[in-house]
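Just follow the structure's listing: the first ligand is 1, and inside any ligand the first atom is 1. Positions are given from 1 along the sequence.
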Amino acid sequence: MRVVKLLEDRIREDGQVLGADVLKVDNFLNHQIDPDLMTALGEEFHRRFADAPLTKILTVESSGIAPALATGMAFHVPVVFARKHKSLTLKDDLYTATVYSFTKKTSNNVSISKKFLSADDNVLIIDDFLANGQAVEGLIEIIAQAGATLSGVGIVIEKSFQKGRALLDERQIKVESLARIKEFKDGQVIFEED
Ligand code: G4P
Ligand code: NA
Ligand code: NA
């Protein structure tokens, strides 16, 4: 698959492995953004979820927005990003879920205005990374609060050795990850089926 190869090559070339389990991709995804690569990723998600009657793409700010927007452009549906905030203020015009980050060891609330998600919506979740799956779990909780339908989850870079993928598989959610990392070995990225 051309796009998968393009992304894997880019990760090999510009990704930096930090410690045991973090991949830094500031050069094309998390700080500087490559628009042509995002366009190609969006078109690939469109191809993989073409059968879903989508009305909305959902993600979490900030790093999910670029691939989510590219996907929304391919489907011609709106993109909604959940906003992060500290856990105190609960407002009744918001759907809210608590997301624990194992990486940062902090909890944040993520919220979406009730104006932008309803029981009529059929949703595709897009995110940059799938690690422990807590961000995606939070979005799934919000989709349930809205009574909306989840069609699947599209991930740019999955770290298959962390528990997020297994969690979503257990729940029989359709997951399409474009790059699937099996492990980091001596500072190198090893992809699944390498
Ligand atoms: P989880 O959502 O899968 O549970 O992820 P986790 O709590 O482990 O990670 C927290 C943040 O770190 C998330 O971004 C997630 O996208 C990101 N992340 C996880 N693993 C990696 C990695 O190997 N490399 C990079 N670059 N990011 C990783 P966030 O806190 O929501 O921040 P942002 O979207 O504002 O960047
Ligand atoms: Na993210
Ligand atoms: Na991130």
Side-chain angles (χ1 to χ4, degrees), residues 7-34 37-38 41-42 45 57-72 79-87 95-112 123-144 150 152-171 173-192 194:
L7 176 61
E8 290 184 351
D9 286 350
R10 191 64 182 269
I11 291 169
R12 282 197 192 92
E13 217 161 284
D14 289 331
Q16 278 175 278
V17 177
L18 300 182
D21 59 9
V22 172
L23 177 71
K24 194 165 172 172
V25 286
D26 274 13
N27 171 287
F28 61 93
L29 182 57
N30 285 156
H31 194 4
Q32 175 169 263
I33 296 168
D34 182 330
L37 181 63
M38 291 308 119
L41 302 181
F45 285 128
I57 310 292
L58 243 59
T59 191
V60 183
E61 67 175 351
S62 56
S63 302
I65 295 175
L69 176 62
T71 309
V79 176
V80 181
F81 61 92
R83 295 189 144 150
K84 294 174 185 163
H85 52 92
K86 289 287 162 210
S87 306
Y95 302 116
T96 298
T98 302
V99 172
Y100 179 74
S101 168
F102 289 96
T103 311
K104 297 175 182 170
K105 298 191 170 50
T106 56
S107 284
N108 269 293
N109 277 2
V110 296
S111 297
I112 289 179
V123 176
L124 172 63
I125 293 174
I126 295 287
D127 212 353
D128 57 339
F129 273 92
L130 180 61
N132 294 298
Q134 299 308 293
V136 172
E137 292 279 344
L139 290 178
I140 291 172
E141 195 181 317
I142 283 174
I143 289 166
L150 175 65
V153 176
I155 298 291
V156 180
I157 303 174
E158 170 188 308
K159 293 185 291 181
S160 311
F161 56 88
Q162 291 184 288
K163 67 180 198 300
R165 178 59 189 258
L167 274 177
L168 298 177
D169 284 347
E170 260 166 46
R171 299 172 61 157
I173 291 164
K174 175 175 175 175
V175 182
E176 291 286 345
S177 300
L178 303 186
R180 302 191 66 199
I181 297 175
K182 188 169 141 195
E183 60 178 327
F184 297 130
K185 202 173 171 186
D186 307 323
Q188 300 292 108
V189 179
I190 313 291
F191 294 100
E192 296 280 355
D194 262 8

Is there a polar contact between ligand 1 and [X], counting only N or O atoms under 3.5 Å apart?
X    : value
Q134 : yes
A135 : yes
A131 : yes
F129 : no

Residues forming a side chain to side chain donor-acceptor pair (under 3.5 Å) with S160, sequence neighbours excluded
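S160 satisfies side chain to side chain donor-acceptor pair (under 3.5 Å) with E158, E192 once adjacent residues are dropped.
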
Qualifying residues under side chain to side chain donor-acceptor pair (under 3.5 Å), relative to E141, sequence neighbours excluded
none

Quick one: look at [X] and ligand 1, take heavy-atom pairs under 4.0 Å, and tell me if it's side chain, backbone, both or neither.
X    : value
Q162 : neither
N30  : side chain
D128 : side chain

Any atoms of ligand 1 less than 4.0 Å from a non-hydrogen atom of [X]? List them with their elements.
X    : result
K84  : 29 (P), 30 (O), 31 (O), 32 (O), 33 (P), 34 (O), 35 (O)
D21  : 23 (O)
S101 : 7 (O), 10 (C)

Would you name the N/O/S atom of D128 that lies closest to the Na ion (ligand 2)?
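D128's closest N, O or S atom to the Na ion (ligand 2) is named OD1.
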
Closest N/O/S atom of D127 to the Na ion (ligand 2), by atom name?
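Considering only N, O and S atoms, D127 comes nearest to the Na ion (ligand 2) through OD1.
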
Does this structure show an ion pair linking R171 with E137, if we count only N-O contacts that are shorter than 4.0 Å?
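The answer is yes: the pair qualifies as a salt bridge.
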
From D127 atom CG to L58 atom CG, the distance as rounded to the nearest 0.5 Å:
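Answer rounded to 0.5 Å: 10.5 Å.
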
